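Predicted model, so just to flag it, every value in this text is computed and none were measured. In this chain, residues are counted from 1 in sequence order.
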Amino acid sequence: MNGSKALMEALLNEGVDTIFGYPGGSIIPVFDALYDYTDKFHYVLTRHEQGATHSAQGYARIKGKPGVCIVTSGPGATNTITGIADAMLDSTPLVVITGQVNDTMLGTDAFQETDLIGITLPISKWSYQIRDPKDIAFAVAKAFYIAGSGRPGPVVLDITKNAQVEQVDFKPAKCDFIRSYLPNVAIDNESVDSAAALINNAKKPFAIVGHGVTIGEAETELREFLDKADIPAAWTIMGESAMPTDYRLNKGMVGMHGNIAPNTKTNECDVLIAIGMRFADRVTGNLHNYARQAKVVHLEIDPAEINKNVKSNIAVLGDVKYTLPAITAKLQKQEHKDWIDSFAPYEQKEMERVISKELHPDTNQPLKMGEVVRAVSDATGSNAILVTDVGQNQMSALRYFQFRQKRSVVTSGGAGTMGFGIPAAIGAKIAAPDRTVCLFCGDGGFQMTIQELGTIIQEKTGVKMILLNNNYLGMVRQQQELFFNKRYSSTPMLNPDFCAIAKAYGIATSHVTKREELSSAINDMLKNDKPYLLVVEIEENGLVLPMVPPGKGNEEIII
C-alpha cells in the first residue's frame, strides 16, 4: 500500500475514531486515502487549522485520549502552532499530522514549505519528520505513546509528500517503551512515608488540586485521601470538576480570580499538599509571599516541575492515581473541625461583598455575568460540560458554574488562548454526544474563531453557546480600569449583529437584554440537542472579583 493508506491503518491501530482537519496541496494523498475510510473515522472538516487543533483538544480533554488533527504544509501547518502551544502548557494529548513538500525539495523554499520541526520542537513533547513510508508505522506508534503517557502533551508528525505516495509493506507497530523516555517512575516508599508523617502531624493541612487528578483519573483516590485526613481542598482552574461543587471539603478556586478563603488560607496552613499541579504564577501570585509558613508536599508526575517555582519539602513523584492511595494507606483518621471552620468567615465575607451582589443584583441593574452563568448551570442540573473562551467570561464561568460529574471543564489555562472556545466546544460535544455542552464566550474571543460556526452546522453539533456581550475586551478593560487610570486603549468594540450571523449559519438564536427574558431564553436553548446561540447583553463595566493584582501576593486580594 502507499504511505497514505499506511497512515490510515496506523491510526486505526491506535484506536483513533475521530480526526479533525483541513486539506491542502501537500496532504492531498492522505485525504485521498481517508476517502476510503469514512466508515472507520469520523472526520470533522473545521474552517481553520487552529480550529482543528482546539477541537482536537476539546475532544482529548473529555475523552482522556489523544486528539488527532491532519492539515497541510506551510500556512496550514503554522496555523496549528497556537493549538500545539496551548496543548503543551495544559498537558493535553494531541497528535498533529502535517503535510510537507517532497524530501528532494526540503530546504529549497519550495511552495508552502516551512520548517515545522524547527518551529514546534520547543512547544511539543516530540516532533518528527517522516521522509520514508517505512517509518510511518513506527512513528505513529511512538507518537501516540509519547502524547498519551506520563505527563501528556502534543506530538507533531510532519510527512513529506513522497512518503505519502511511495509504496510500503505495512505492518502495524506497537510502542510501549523508549529507552531515553521514562514517563512514569516507581513510587519511592521513603517519600511516601515522609509525606504521610508530615500530613499526620499537621494541624492546618490544605490541599490544592490540579489537572493531574483529572489526567490520572484519580478523582476517587482524591476523595479517599481528603476524607481520611479531613483536609480542606481548593482547585486550580485546570483542576475544577475533580471534586463535585457541593463536596464538603471543596473550598473553591485559588489564584488571581479565586475565592478569598482558599487564597488566604494558603498563607496560613502549616502543610500545603499540591496534587498534580505546577504552581503557575496565576495560582501563586508573588512567590516571595506565597505559603512561606508552610511545609510543602508536592505530588507530581513530571520531575521538571519539582522545585521549579515553589520549593517542596517532600516530593512524591509519580501518577497521582497511584501515589495518592499509597499515602492514604499510611494516614491516620483525622478531624480538623476548627481549621475547616476557620474558612467560614472568609466565605461569608465573599458571599456578602461579592457573590450575593453578582448572583442577586438589584433588579434595576444590568445583567451580570455571574447570574447568567449560574442560571444556565442550574437549568442543566449542574451536569453539563463547561467550555470557556478566555477573559472575564472564563473567570466568571469557572467561579459560578457548578458540577456533579468529573471531566466537566474544558478551558485554556496556561496559554489563555482567545478563540479557544467555539472549536473546543465542538470537540467536547463530539467526545460526549450524550452530555449537554455549554460554551461561555465574550464578544472578543467569539469573533476570533467565529468561522467554526460553519463546522457546527455541517456536523450538526449541538453546542449551547452563551455569548456574554459587554462590547469590550473585558479582561483588559478591567485591568485598565483598576490599574491604568481608566485609559481604555483598544478595548471598546463595535460588534456585529451576532444573532443575524447565527441565523445566516442556520443556528437557532435569541437575544436577551432584560433580566425577565433570561429564564425563558435558557429554556428555549436547552429544550433540544440542536446548536444554539444565546446572546446576553451584560453590564459594560462589570468586574470579576475578587482579584489579585498582577505581581502582587495572594494576601493583597481586591474584593
Side-chain angles (χ1 to χ4, degrees), residues 1 3-23 27 29-47 49 51-71 80 83-84 87 91-98 136-137 139-149 152-157 159 164 170-176 214-215 217 385 387 405-408 410 423-437 452 455-456 458-463 529 531:
M1 63 182 69
S4 296
K5 184 173 181 179
L7 177 62
M8 297 295 106
E9 291 294 328
L11 294 175
L12 282 177
N13 192 52
E14 295 297 330
V16 174
D17 53 25
T18 303
I19 299 171
F20 303 89
Y22 203 93
I27 200 70
V30 169
F31 278 84
D32 183 67
L34 182 61
Y35 190 84
D36 294 324
Y37 285 78
T38 54
D39 59 334
K40 302 289 198 308
F41 299 117
H42 178 192
Y43 174 72
V44 180
L45 174 63
T46 60
R47 296 308 188 260
E49 292 87 356
T53 57
H54 293 330
S55 291
Q57 285 178 272
Y59 175 91
R61 295 269 286 276
I62 296 302
K63 274 287 190 182
K65 70 176 190 177
V68 178
C69 58
I70 302 177
V71 303
T80 68
I84 294 168
S91 302
T92 304
L94 202 63
V95 175
V96 177
I97 299 169
T98 61
I136 289 174
V140 170
K142 186 174 179 180
F144 276 84
Y145 175 59
I146 292 174
S149 60
V155 167
V156 176
L157 292 179
I159 307 181
Q164 299 172 40
F170 176 78
K171 294 178 181 178
K174 182 180 180 181
C175 181
D176 56 14
T214 298
I215 293 171
E217 299 183 341
I385 292 172
V387 183
Q405 300 183 50
K406 62 183 182 179
R407 285 197 183 274
S408 291
V410 179
I426 293 169
K429 182 63 176 177
I430 289 172
D434 296 331
R435 295 187 66 185
T436 300
V437 174
E452 298 307 331
T455 307
I456 287 175
Q458 185 160 338
E459 290 294 318
K460 300 179 176 62
T461 310
V463 174
D529 197 37

Quick one: ring-ring contact (aromatic ring centres under 6.0 Å, His included) partners of Tyr145, sequence neighbours excluded? Tyr181
ring-ring contact (aromatic ring centres under 6.0 Å, His included) partners for Tyr22, two or more places apart: none
Any donor-acceptor pair under 3.5 Å from Ser55 side chain to Pro423 backbone: yes
Among Pro154, Pro152, Pro93, exactly one meets side-chain contact (heavy atoms from CB on, under 4.5 Å) together with Pro66. Which residue is that? Pro93
Mind listing the closest non-hydrogen atom pair of Val410 and Ala424 along with its distance? CG1-CB, 4.2 Å
Got a sec, which residues hit side chain to side chain contact (heavy atoms under 4.5 Å, CB included) with Ala425, two or more places apart in sequence or on another chain? Val387, Val437, Leu439, Val463
Point-to-point distance, once rounded to the nearest 0.5 Å, from CZ of Arg435 to CD1 of Ile385: 4.0 Å
What is the minimum heavy-atom distance between Gln164 and Ile159, and which atoms define it? NE2-O, 3.1 Å
Pairing residues for Asp529 by the side-chain hydrogen bond (donor to acceptor under 3.5 Å, both in side chains) criterion, not counting sequence neighbours: Lys429
Taking atom CD of Gln458 and atom OG1 of Thr46, what is their separation to the nearest 0.5 Å? 10.0 Å
Quick check against the 3.5 Å criterion: does Tyr43 have a side-chain atom that pairs as donor or acceptor with the backbone of Gly21? yes
Taking C-beta and beyond as the side chain, do Tyr59 and Val68 meet within less than 4.5 Å on heavy atoms? no
Yes or no on side-chain contact (heavy atoms from CB on, under 4.5 Å) for Leu11 and Ile97, after CA distance, side-chain angles and deciding distance? CA-CA 11 Å; Leu11 294 175; Ile97 299 169; 4.1 Å; yes
Euclidean distance, Ile84 CD1 relative to Thr53 OG1, rounded to 0.5 Å: 7.0 Å
Run Asn13 and Phe144 through side-chain contact (heavy atoms from CB on, under 4.5 Å) and show every step you take. CA-CA 10 Å; Asn13 192 52; Phe144 276 84; over 6 Å; no
Can you see which heavy atom on Met8 is nearest to which on Ala33, and at what distance? CG-CB, 4.0 Å
Flag, side chain of Ser408 to backbone of Lys406, donor-acceptor distance under 3.5 Å: yes
Tell me if the NZ atom of Lys142 is crowded by more than 12 foreign heavy atoms within 6.0 Å. yes
To the nearest 0.5 Å, how far apart are CD in Glu459 and CD1 in Ile430? 5.0 Å
Which residues share a ring-ring contact (aromatic ring centres under 6.0 Å, His included) with Tyr37, sequence neighbours left out: none
Pairwise distance CD1(Ile215) to CZ(Arg61) - rounded to 0.5 angstrom: 8.5 Å
Sub-4.5 Å side-chain heavy-atom contact between Leu157 and Val140: yes
So how far is it from Lys65 NZ to Thr18 OG1, rounded to the nearest 0.5 Å? 7.0 Å
Arg407 meets the side chain to side chain contact (heavy atoms under 4.5 Å, CB included) criterion, sequence neighbours left out, with Thr214, Glu217
Nearest heavy-atom contact between Val71 and Glu49 is CG1-CG, 3.6 Å
Can you see which heavy atom on Phe31 is nearest to which on Ile70, and at what distance? CZ-O, 3.7 Å
Write down the atom of Ala173, the atom of Ala141, and the distance for their closest heavy-atom approach. O-CB, 3.6 Å
